[in-house]
Amino acid sequence: MPTPTPTRAAGLDALEDFVPRAGAAYARDRNHDDGPSRSNVSGLSPYLRHRLVTEQEVVEAVLAHTSLGAAEKFVQEVFWRTYWKGWLEQNPEVWRRYRHDVAELTAGDLPPGHHDAVEGRSGIEAMDAWVRELVDTGYLHNHTRMWFASIWVFTLGLPWQLGADFFHRHLLDGDAASNTLSWRWVAGLQTRGKTYLATASNISRFTDGRFSPAGLATTARALDEEALPARTPVDPDDVVGRVGDRVGLLLHEEDLEAGSLLAERPDLVHTLLATAVSADAGARSPSGVSPVVAAFTAGAVADAAARTPDASGRPARVLADAAPATVLSWARAEGLDTVVVPFAPVGPVAERLEALRPVLDAEGIALVTVRRRWDGTAWPHAARGFFPFRERIPALVRQL
């Protein structure tokens, strides 16, 4: 699958192309990975991950063409991303532990076999081919990600956190929730005691015989962890903070579509004195991100800047970096008393915004977060497993 063009226009084109295949064809063929050139999946995940195209736009486009019953499997896949974010929002300790573990594991000597695994020299032909595809394209089929994670944990015996970190550094669609929690699910941590075991027969069946790896683990004993603290309920307020008179909008790599965000809250921002975009893709990992991810993120940021003018028609300014001092310098230069940002779910951008808030506060500048109604409506229902959440999808579709 070629690296997608990092623009909203390209994402909308991909959506339009996929819509006719979102029903029975997707349900029938979605689990097959026949190689890098794929028409059985949408290829929309990098656009959704950065909200160059939104979940609501995707679901609306599909349901304008196909009934919810016919497109059920695809719509559920869109909501999986929403579910993961909502679950992690209520269990932020999982992210904190993951970040701590990755930092510790990468600060010392890496476990035996790690270098060979991430350099495509594991000796397992399928794994080595998938590593090359991931590194070269920034993408792996979802079914392949499950096989990869299972082999990494149960056959190679490597820490799941390092596998999740490898994915997070290389996946164009890698985000804190979907990536971290999917790896935990394979390892038996997310649904306690329930693991996913990759088998040669399953891999052969769904790769049309391209791969049938020998020597895979035949058992998958669930990993264990210290009990998590009680969940944190989702904040009922979609807008946090008070908007002043001199307002600037700051986009970030979690949400690069200002038009639909601001359309939900026309009362909030009547006139934007300034607009800007900042990003720090490298903050995903202590080891940074791949050139493919860095280039896609930079392209997406440039596209968002061109599409987000201020009141005078100036395109948004692309900040040199995402450091609090850089944002403060921009806000001062524009004479702002408020910086509005799209809400960032648990992950690196949320950490960055928390570091920014006191820096702006000290200068009398408010940081106001605006959460999309899609998230505010769906996330509270992600308190348990996906199946109870799945039962809510038809009602959520009607509501949203």
Side-chain angles (χ1 to χ4, degrees), residues 1-15 17-18 30 33 35-55 57-58 74 77-78 80-82 84-85 88 102 118 120 129-149 163-183 251-257 277-285 287-305 307 318 322 342 344-345 347-349:
M1 181 176 287
T3 302
T5 302
T7 65
R8 174 169 167 77
L12 292 174
D13 286 345
L15 173 59
D17 177 69
F18 174 71
R30 66 192 180 97
D33 184 359
S37 180
R38 302 179 181 92
S39 60
N40 60 322
V41 293
S42 72
L44 291 170
S45 57
Y47 300 106
L48 286 167
R49 184 260 177 271
H50 296 88
R51 275 186 167 157
L52 289 166
V53 178
T54 69
E55 296 90 336
E57 287 178 301
V58 170
F74 178 73
E77 287 302 311
V78 175
W80 260 111
R81 184 170 290 269
T82 300
W84 284 137
K85 288 180 182 291
L88 191 60
V102 170
V118 300
W130 295 332
V131 165
R132 291 191 294 271
E133 182 181 350
L134 175 59
V135 171
D136 290 345
T137 70
Y139 182 83
L140 283 179
H141 186 284
N142 188 58
H143 205 168
T144 299
R145 298 182 198 196
M146 295 166 59
W147 296 326
F148 188 109
D165 179 64
F166 180 59
F167 270 22
H168 208 193
R169 289 188 287 121
H170 287 277
L171 283 171
L172 296 177
D173 62 16
D175 69 53
S178 297
N179 187 61
T180 307
L181 302 184
S182 294
W183 274 83
L251 299 179
H252 50 67
E253 62 267 37
E254 292 286 348
D255 196 323
L256 294 170
E257 213 302 274
V277 192
S278 70
D280 181 9
R284 293 189 190 185
S285 166
S287 304
V289 293
S290 73
V292 175
V293 169
F296 186 91
T297 304
V301 164
D303 175 68
R307 291 184 288 102
V318 177
V349 178

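Salt-bridge formation is detected for the pair R51/E55: a Lys NZ or Arg NE/NH1/NH2 atom is positioned less than 4.0 Å from an Asp or Glu carboxylate oxygen. For E133 and R38, the salt-bridge test passes: some basic side-chain N is under 4.0 Å from an acidic carboxylate O. A salt bridge does not link R49 with D255: every distance from a Lys NZ or Arg NE/NH1/NH2 to an Asp or Glu carboxylate oxygen is 4.0 Å or more. A salt bridge links R307 with E257: at least one charged nitrogen is closer than 4.0 Å to a carboxylate oxygen. At a threshold of 4.0 Å, the pair R81-D175 counts as salt-bridged, since one of the basic side-chain nitrogens sits closer than that to a carboxylate oxygen.
Closest heavy-atom contact between A176 and G347: CB-CA, 3.8 Å. The nearest pair of heavy atoms linking E253 to D280 is OE2-N, 3.2 Å. Closest of all the heavy-atom pairs between D173 and S45 is OD2-OG, 2.6 Å.
In this structure the side chain of F296 reaches within 4.5 angstrom of the side chain of P4, judged on heavy atoms. The side-chain heavy atoms of F18 and S39, taken from C-beta on, include no pair separated by under 4.5 Å.
Side chains of D303 and T7: no donor on one and acceptor on the other come within 3.5 Å.
Aromatic rings from H170 and Y139 are positioned such that their centres are separated by 6.0 Å or more.
Aromatic ring pairs are classed by plane angle as parallel below 30°, tilted from 30° to 60° and perpendicular above 60°; the pair F167 and W183 is perpendicular.
Remark: the backbone N or O of T144 is not paired with any side-chain donor or acceptor of D33 at under 3.5 angstrom. Judged by distance alone, with hydrogens and angles left aside, the side-chain atoms of H252 form a donor-acceptor pair with the main-chain N or O of P342 at under 3.5 Å.
Partners of D165 according to the side chain to side chain donor-acceptor pair (under 3.5 Å) rule, which considers only residues two or more places apart in sequence or in another chain, are R169, S285.
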